[in-house]
Amino acid sequence: MTLGVAPDIEALPGAYAKLCYGKGYDSGYKNLMGNDIKDTNMFGINVVPYDTDNLHIELQWNRAFDIFDNMPDSGVRTNLGDIDQYGALVMGRVIDNLNLFIAGAISKTDPNDNLFRFAVDGNGDGDLSDPQDMQNAGAGLLYNPGNKESHTGNLIYLGARYDIPQTGTKIGAEFNRGSKYWVAFAPAGDDIWTSKLGTRGKVYEVYVIQELKNKPISKRGKAFFRLGYQYYDFEYTGSNSWIGEPVKISDLSKANPMTAQMLAPLD
């Protein structure tokens, strides 16, 4: 849900601002069995002070309250804390048909004392609803037990695209790098491995977009093909996850139980 305003300021063409609200998870009805899970809500402010065909500047802050400990369809059992994000983007057409952009973002966690929990059928009755079946996985909001503290992560994202109007071809390249504690709100990204903008490490991408120049059937119709290549260089575990302390990939060792991971890490 958004509420915006677009003032007419001669020195700031195209400027606008928006307040944004969303519910990421609804905990449902409370019951006598102790359903104390809170809803996950998000609030944000988006400001675009300049927006023309040749230059776009954008600033944003958002905060997610009471982050859930698991994907809703897998069963949420507790809330782990809050996450703030700050972002900035500058995008524009430099010369002729060359488009450039650069973006940066910061994420900051505010964890509580709750830990991610999972169900284990301890008594073998096949019923996982018994509170005694719940086991702590030893992982909070970007921390492991005994190391609870707020963590700040960052992201840099830049790219270039060259357009060839005569043939309807666009050629582009992009690069992004996320730090050890970077958290992106992008777990549903449709990249093949994991959302590239949530990667703790580097991602390189090149692509070609070819528009079909035939006369469209509909008045505003447009069709194109896209061919791209992505290379992921993971530096830390847990990309696109907010649960547990990230570990440097090069430090992982089967001989060291202290680096054991809840999920198999990608390399």
Side-chain angles (χ1 to χ4, degrees), residues 18 20 22 24 40 42-50 56-69 80-92 99-112 116 139-144 147-161 172-191 193-206 230-252 259 261 263 265-267:
K18 296 185 291 184
C20 309
T40 298
M42 182 181 291
F43 180 78
I45 300 174
N46 178 268
V47 177
V48 175
Y50 203 95
H56 176 88
I57 301 174
E58 188 165 352
L59 306 170
Q60 181 165 310
W61 163 81
N62 48 260
R63 182 178 179 91
F65 301 85
D66 301 308
I67 291 288
F68 42 79
D69 70 333
L80 300 178
D82 306 333
I83 300 178
D84 284 282
Q85 283 191 320
Y86 308 84
L89 165 71
V90 177
M91 177 171 57
N99 305 273
L100 303 177
F101 75 85
I102 183 168
I106 294 174
S107 63
K108 188 176 187 299
T109 59
D110 182 16
N112 57 30
F116 169 74
L141 182 60
L142 280 192
Y143 76 90
N144 292 338
N147 296 314
K148 177 194 164 186
E149 60 181 12
S150 173
H151 290 298
T152 300
N154 61 75
L155 167 78
I156 184 71
Y157 179 34
L158 51 91
R161 192 191 74 214
E174 297 182 0
F175 168 80
N176 62 273
R177 182 187 183 276
S179 68
K180 176 179 180 179
Y181 293 108
W182 165 243
V183 179
F185 288 123
D190 59 0
D191 296 307
W193 285 112
T194 186
S195 174
K196 75 170 192 172
L197 294 183
T199 300
R200 292 176 184 147
K202 305 181 186 73
V203 180
Y204 305 85
E205 180 172 12
V206 293
Q230 293 176 324
Y231 178 80
Y232 287 71
D233 180 10
F234 294 99
E235 297 178 4
Y236 296 92
T237 60
S239 292
N240 280 299
S241 173
W242 52 92
I243 299 173
E245 175 89 8
V247 177
K248 197 167 186 178
I249 296 287
S250 59
D251 291 342
L252 294 176
T259 64
Q261 298 294 297
L263 300 174
L266 290 170
D267 192 10

**Item:** S107 OG to L155 CG distance, which is reported to the nearest 0.5 Å
**Value:** 9.0 Å
**Message:** Let's go through V48 and H56 carefully: what are the C-alpha distance in whole Å and the side-chain angles of both, what is the deciding distance for side chain to side chain contact (heavy atoms under 4.5 Å, CB included) to 0.1 Å, and is it a yes or a no?
**Reply:** CA-CA 8 Å; V48 175; H56 176 88; 3.7 Å; yes
**Request:** Hey, could you give me the OH/CG distance between Y143 and L80, rounded to the nearest 0.5 Å?
**Result:** 7.5 Å
**NZ/NE/NH1/NH2 to OD/OE distance under 4.0 Å, R63 and D110** = yes
**Asked** What closest approach, in Å, do G238 and R200 show between heavy atoms, and which atom pair accounts for it?
**Response** O-NH1, 2.7 Å
**Asked** Parallel, tilted or perpendicular for Y204 and Y231, by the 30°/60° rule?
**Response** tilted
**Prompt:** Hey, what's the ring geometry for Y86 with W61, parallel, tilted or perpendicular (30° and 60° as the breaks)?
**Reply:** tilted
**Prompt:** Taking C-beta and beyond as the side chain, do V90 and F101 meet within less than 4.5 Å on heavy atoms?
**Reply:** no
**Message:** I'd like to know if E235 and K248 make a salt bridge, using a cut-off of under 4.0 Å between side-chain N and carboxylate O.
**Reply:** no
**Fill in**
Nearest heavy-atom contact between G153 and S179 is CA-OG, 3.3 Å
**Request:** Give the intermediate values and the outcome of side chain to side chain contact (heavy atoms under 4.5 Å, CB included) for residues I243 and L141.
**Result:** CA-CA 5 Å; I243 299 173; L141 182 60; over 6 Å; no
**Any side-chain heavy-atom pair of V183 and L142 under 4.5 Å** = yes
**Request:** Take N176 and K196 through the test side chain to side chain contact (heavy atoms under 4.5 Å, CB included) and record every step on the way to the result.
**Result:** CA-CA 8 Å; N176 62 273; K196 75 170 192 172; 3.6 Å; yes
**Item:** Flag side-chain contact, heavy atom, 4.5 Å: M42 against F185
**Value:** yes
**Fill in**
Interatomic distance, CG@L100 vs CZ@R161, rounded to 0.5 Å, equals 10.5 Å
**Request:** Identify the two heavy atoms, one from S150 and one from P111, that lie closest to each other, and give their separation to 0.1 Å.
**Result:** CA-CD, 4.0 Å
**Message:** Just so I know, are the side chains of Y157 and L197 near enough to count as touching, which here means a heavy-atom distance under 4.5 Å?
**Reply:** yes
**Message:** Using the ring centroid of each side chain, check whether Y236 and Y181 are separated by less than 6.0 Å.
**Reply:** no
**Message:** Can you confirm whether Y232 sits close enough to T194 that some side-chain heavy atom of one is under 4.5 Å from a side-chain heavy atom of the other?
**Reply:** yes
**Prompt:** Under a 4.5 Å cut-off applied to non-hydrogen side-chain atoms, are K18 and I45 in contact?
**Reply:** no
**Pair N147-E149, side chain to side chain donor-acceptor pair (under 3.5 Å): steps then yes or no** = CA-CA 6 Å; N147 296 314; E149 60 181 12; over 6 Å; no
**Prompt:** So I156 and I102, side chain to side chain contact (heavy atoms under 4.5 Å, CB included) or not? Walk me through it.
**Reply:** CA-CA 8 Å; I156 184 71; I102 183 168; 4.1 Å; yes
**Asked** Is any NZ, NE, NH1 or NH2 atom of the basic residue among K180 and E245 found under 4.0 Å from an Asp or Glu carboxylate oxygen of the other?
**Response** yes
**Request:** Side-chain contact test, heavy atoms from C-beta onward, threshold under 4.5 Å: evaluate it for L59 versus N46 and give yes or no.
**Result:** no
**Request:** Check whether any side-chain heavy atom of T109 sits under 4.5 Å from a side-chain heavy atom of D82, and report yes or no.
**Result:** no
